[in-house]
Every structure is written in structure tokens, then in C-alpha cells.
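These notes are about the structure you will find just below.
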There are 4 protein chains.
Amino acid sequence: MMIELDLQSEIPIYTQLMDQIIEGIASGRLEPGESLPSVRSLASDIGINLHTVNKAYTLLKQEGFIQVHRKKGVIVVQKEEMPQVTEHYLAKLGQQLRPVVAESLCRGLNQEQLTEIIARLYNDIQPQDKE
Amino acid sequence: MMIELDLQSEIPIYTQLMDQIIEGIASGRLEPGESLPSVRSLASDIGINLHTVNKAYTLLKQEGFIQVHRKKGVIVVQKEEMPQVTEHYLAKLGQQLRPVVAESLCRGLNQEQLTEIIARLYNDIQPQDKE
Amino acid sequence: MMIELDLQSEIPIYTQLMDQIIEGIASGRLEPGESLPSVRSLASDIGINLHTVNKAYTLLKQEGFIQVHRKKGVIVVQKEEMPQVTEHYLAKLGQQLRPVVAESLCRGLNQEQLTEIIARLYNDIQPQDKE
Amino acid sequence: MMIELDLQSEIPIYTQLMDQIIEGIASGRLEPGESLPSVRSLASDIGINLHTVNKAYTLLKQEGFIQVHRKKGVIVVQKEEMPQVTEHYLAKLGQQLRPVVAESLCRGLNQEQLTEIIARLYNDIQPQDKE
DNA sequence: GTGGTCTAGACCACA
DNA sequence: GTGGTCTAGACCACG
């Protein structure tokens with residue numbers, strides 16, 4: 001599992017970590033049931049604070065992407081248990097996307113172009129092996 | 001100019017204010033050349049500190065959405081001077097959207113559905129000059 | 001006398017006005033002894049406040065570039081009376097130029113290039129008719 | 001890092017601070033990658049408010065001279081990432097220098113003399129690695 | 001302990 | 001009256 005952090009970024013490290021793990025799941029590089037490194041080992045691997053990894057894991061657990069077993073350690077949830085498209089999620093999505101769309105409109109980036117960007121991201125992230 | 005803020009939100013007030021103003025421009029409720037309320041009056045209108053408004057204005061000025069005119073006060077930039085779709089902007093956009101798409105993939109929200117959400121936001125915000 | 005002001009600029013209008021008049025003198029478009037418009041007419045010509053023009057004139061007078069006669073109005077000083085290169089002026093110059101040179105060094109603009117820019121400005125402003 | 005401020009000057013403190021830091025970089029007293037004191041410690045060291053220091057740092061960050069690193073704090077950018085000579089910078093430079101040259105012409109300070117002043121500043125600021 | 005945010009009150013330059 | 005600057009004190013997120 002490759003984690004790339006930008007320590008200069010204004011995005012908190014724990015958020016970047018969450019994003020990377022979620023993208024890992026989305027892309028298939030992290031499979032359901034697969035186990036993640038322990039808080040300690042991941043922290044030392046990428047050279048950040050224990051608390052930071054812990055915070056990311058805790059939030060991912062809260063959102064339902066991972067489970068923490070006393071014995072098996074940290075694992076990605078099974079496909080059936082993966083978080084769904086809830087009302088709450090859709091609301092958050094709209095709230096996130098609204099300012100993005102507004103700025104696009106101001107700058108003259110039209111709906112087709114934005115859709116195209118979204119499409120490229122889907123293809124970019126999505127698992128490519130179709131078998 | 002209606003401004004709606006959520007003082008409890010984790011999103012900084014000055015960011016919400018920027019978003020609202022940008023959406024105002026995108027929607028046509030704020031027209032190019034139109035003048036915005038003074039820092040002081042807007043602050044007292046919406047019940048926040050003038051420095052918070054000032055920060056929002058300053059950032060909007062830096063991004064090129066508004067100008068501070070010595071006589072007319074704060075004005076929305078002319079259409080020709082509106083910020084463009086720069087490389088830098090596209091990079092920022094991709095960076096913002098990437099985690100959104102990743103989470104969508106995990107939750108099983110497919111590309112068509114996300115595109116549909118974008119489309120609705122475009123229609124929602126866009127100026128509705130129907131007459 | 002053409003005056004070009006940028007009302008959006010962060011540079012105060014009275015300063016821009018002073019700069020323009022000094023450049024006018026430097027370029028020969030305003031000759032020693034020539035009279036400048038009255039505060040009132042200049043203000044209405046360029047559409048700014050009386051006080052602003054007044055401030056510019058007052059400061060120019062203090063610096064010795066113009067004289068205000070009760071009868072002749074405002075005139076550019078004679079060549080012999082033009083402000084000289086004083087110690088005080090050199091100190092001000094160094095103080096102004098120091099940060100400019102420092103930033104140039106940081107950005108990798110070398111001495112020759114900066115000198116070239118200065119040279120171009122001299123040629124640009126200087127009176128061109130040599131007869 | 002020595003900082004000398006003139007609290008009586010008409011030049012804003014945050015500007016003086018920016019200038020001093022840029023000169024520090026230009027002179028080599030501040031090396032790329034080196035970390036700057038925290039907002040709080042610098043503020044208390046030089047006896048000004050932390051918000052004033054913060055403003056200077058924020059602007060320097062925006063201009064690309066420093067970065068805020070999540071672990072190392074505030075650092076001078078690496079040499080490769082140092083701001084370049086952009087069109088925008090050259091425009092700003094011309095705008096800054098134009099009135100200076102105009103006044104020089106009026107006062108009879110010729111191009112050679114001004115060039116000489118620039119040269120002295122370059123030598124004065126430039127890193128003196130003689131050993 | 002760090003930077004980021006917000007509030008509050010004050011002074012000044014500008015127009 | 002406007003924006004710009006500075007000070008001061010407080011809370012929070014982050015690491």
C-alpha cells in the first residue's frame with residue numbers, strides 16, 4: 001500500500017491518509033477483507049505521528065470503511081458491509097460540490113467539461129482489470 | 001444580496017462567505033460591475049466581525065472575482081476580467097474532486113449518478129433568464 | 001496634459017497624480033514655467049475629489065517641483081530651481097530600491113538585466129527631441 | 001536571523017518584515033530549506049503582535065518564498081521552487097521603477113549614477129562567500 | 001506548541 | 001465613511 005502525503009498541503013495529514021485509503025479501496029488495490037498495517041507500523045513507515053494515523057483509522061471506522069478487530073487487526077470491510085449511498089451522504093456530496101460548480105460557472109467551465117473531468121477521474125481510479 | 005451562514009459549521013465563516021458570493025456571481029444575482037456592501041455594513045448585517053468579512057473580500061480579490069475600486073468601493077469584476085480556466089485551476093479541481101469520486105466508487109454511486117448530481121447543481125445555480 | 005489613473009490600484013490616487021506630473025516634467029511634456037490646471041479644473045477633468053488634487057499639489061510644492069502663485073496659478077518650477085540630488089534623496093532612493101534589488105536576487109534577475117530595465121525606462125521617459 | 005524594524009516608518013510593519021526576510025534569503029543568511037521562527041516566537045522576539053507576523057508569513061507564502069510544512073513549521077523554499085522572473089513580476093517591477101526613474105531624471109541623476117546605486121545594492125546584499 | 005480562525009476595539013490614510 | 005493596519009485575547013484543529 002503506497003501512501004503519498006504532501007506535508008506542505010493545507011489538507012490535514014489525517015484527511016490525506018483517509019483519502020488515500022478510500023481511493024485504495026475504490027481502485028481495488030485494497031480488497032475487502034484485506035488487512036491494513038497497524039497504527040504503529042504505518043506511522044513509522046510514512047514517518048508521521050501515531051495520533052495522526054489513529055485519527056484517520058478512527059474516522060474511517062466511524063464511516064464504516066474499515067473494522068478494527070482485537071485479533072485480526074485493522075481490515076477493510078466486506079463488500080456487503082461497505083457504506084451505502086445514504087441520504088446523509090448525498091447531502092454531504094451536494095454541499096461539497098455546490099461551491100465547485102459555482103466557481104466552474106464563473107470561470108466558464110461548462111457542464112460537459114466538468115462531466116468530462118469527473119469521467120476521467122472515474123477511469124483513473126476505477127479498477128482496470130475486467131475479468 | 002442574501003447571505004446564509006452556518007455559524008456551527010466546520011467550514012470557516014470566511015469560506016462560506018466566499019462561496020456564497022461566488023455562487024451569487026455564478027447565478028447572476030450579482031452582476032459584473034455591481035458593487036458589494038462595505039466590509040462594515042455587511043459584517044453588521046450578517047452579525048459577524050468585520051475582519052472576517054475583510055478576509056473573505058481579500059481572498060476574493062486575490063482570486064480575481066472582485067476589485068476594490070477607490071471610488072465605487074468593492075465591485076464584482078467585469079465579465080472579460082473574470083478568472084479563467086487556468087492550468088492551476090484545473091489542478092485544484094482535480095485535487096478537490098478526486099476524493100469525492102473515490103468515495104463515490106466505494107459506495108457504489110456510479111458515474112452517471114454523479115454526473116446527474118452535477119447537472120442538477122448546474123441547473124440549480126445557473127441564471128434562469130426565462131423571460 | 002494627459003493623466004491616467006488606475007482607480008483599482010492600491011497606489012493612492014494622489015500619489016499616482018504626483019507620479020504622473022513628475023513624469024510629465026521628466027519627459028519634457030511639462031516644461032519649466034508651464035502652468036498646471038487649477039485644483040478645481042483638474043479635479044473635474046479627471047473626475048476625482050478636490051482634496052485629492054490639492055494633496056498632490058501640496059506635496060509637489062513641498063518637494064519643490066511646482067510653485068503656487070496667487071496670480072499665475074500653479075506652475076512648474078524653473079530649471080535652476082528644480083530639486084537637486086540631495087543626501088536625503090539618495091537615502092530615500094536606497095531605501096526604495098533595496099527591497100527591489102533583494103527580490104530580484106531571489107528570483108534570479110541579475111544586475112545586468114535590472115540595469116537593462118532601468119535603461120529602457122530612461123529611454124522611455126526621457127525627452128526624445130534632441131535639437 | 002536579525003530583524004530590524006522601524007515602528008515609526010510609514011511602511012507597514014508586515015511589509016518591512018517581508019522585505020527583511022526576502023533580503024535575508026537574497027543575501028544567503030537564510031538558506032533554502034531553513035526554518036523560520038514560529039509566528040509566536042518571532043512576534044515576541046521583535047515585540048510586535050503575532051497577527052502582524054502572521055500576515056507577513058501568509059503573504060510570503062502566497063508569493064512563494066516560504067512554505068508551511070506540517071512538521072518542520074515555516075521554511076524557506078528550496079532553490080528550485082523559488083519564485084521566478086515572471087511576466088507579472090516584470091510588470092510590477094516596471095511599475096515600481098518608473099516613478100523612481102522619472103524623479104531621477106527631474107533631479108538630474110543620470111542613468112549611470114542610478115546604475116551605480118543599483119550595483120552597490122547588489123554587492124551590498126549579495127552573499128559574500130569569499131572563503 | 002503550532003498555525004488558523006474569530007472577535008473586538010483602535011487609529012490612520014484616503015477620498 | 002471607507003478600507004488598511006495593528007493590537008489583544010481567545011478557541012480550536014493539528015501533530
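All values derive from a computational prediction rather than experimental measurement. Labels below follow one simple rule: chain letters A, B, ... track the order of the sequence lines, proteins then strands, and each chain is numbered from 1.
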| query | Pick the nucleotide of DNA chain E nearest each of D/Val74 and B/Gly47; which residue has the one closer to the 5' end? | reply | D/Val74
| said: Which is more 5' along DNA chain E, the nucleotide nearest C/Asn49 or the one nearest B/Ile11? Just name the residue. | reply: B/Ile11
| said: Taking only side-chain N and O atoms of D/Arg70, does any of them lie within less than 4.0 angstrom of OP1 or OP2 on F/dG15? | reply: yes
| message | Just by distance, no angles: are the side chains of C/Ser104 and D/Tyr89 close enough, under 3.5 Å, to form a donor-acceptor pair? | response | yes
| query | Are OP1 or OP2 of F/dG4 and a side-chain N or O of B/Asn54 less than 4.0 angstrom apart? | reply | yes
| request: Tell me what D/Tyr14 touches on the nucleic acid: a base, only sugar-phosphate, or nothing, going by heavy atoms under 4.0 Å. | output: sugar-phosphate
| task | Assign A/Ile48 to base, sugar-phosphate, or nothing according to its heavy-atom contacts below 4.0 angstrom with the strands shown. | result | nothing
| task | Would you check if the side chain of D/Arg107 reaches a backbone N or O of C/Pro83 as a donor-acceptor pair within less than 3.5 Å? | result | no
| said: Ignoring hydrogens and geometry beyond distance, is the side chain of D/His69 in donor-acceptor contact with the base of E/dG3 at under 3.5 Å? | reply: no
| message | Counting the atoms with a prime plus P, OP1 and OP2 as sugar-phosphate, which does D/Ile13 contact under 4.0 Å by heavy atoms, base, sugar-phosphate, or nothing? | response | sugar-phosphate
| field | Distance test, side-chain N/O of C/Thr52 to OP1/OP2 of E/dC14, below 4.0 Å | value | no
| task | Show your reasoning for whether side chain to side chain contact (heavy atoms under 4.5 Å, CB included) applies to B/Leu97 and A/Leu97. | result | CA-CA 8 Å; B/Leu97 258 25; A/Leu97 257 25; 4.1 Å; yes
| request: Considering non-hydrogen atoms only, spot the tightest contact between C/Phe65 and D/Cys106 and give its length. | output: CE2-CB, 3.7 Å
| request: Mind calculating the distance between CZ (D/Arg40) and P (E/dG3) to the nearest angstrom? | output: 7 Å
| query | If you write DNA chain E from 5' to 3' in dot-bracket form, with Watson-Crick or G-U pairs under 3.5 Å, [ ] for crossing pairs and | for pairs with another strand, what do you get? | reply | ||||||||||||||.
| task | Could you tell me the separation between the OH atom of B/Tyr57 and the C1' atom of E/dC6, rounded to a whole number of Å? | result | 18 Å
| request: With heavy atoms under 4.0 Å as the rule, sort D/Lys72 into base, sugar-phosphate or nothing. | output: nothing
Let me check something: any side-chain donor-acceptor pairs from residues 43-56 of chain C under 3.5 Å, sequence neighbours excluded? List them with distances.
residue	atom	partner	partner atom	Å
C/Ser44	OG	C/Ser41	O	3.2
C/Asn49	OD1	C/His51	N	2.9

| task | Would you tell me if any nitrogen or oxygen in the side chain of B/Lys55 comes within less than 4.0 Å of OP1 or OP2 on F/dT5? | result | no
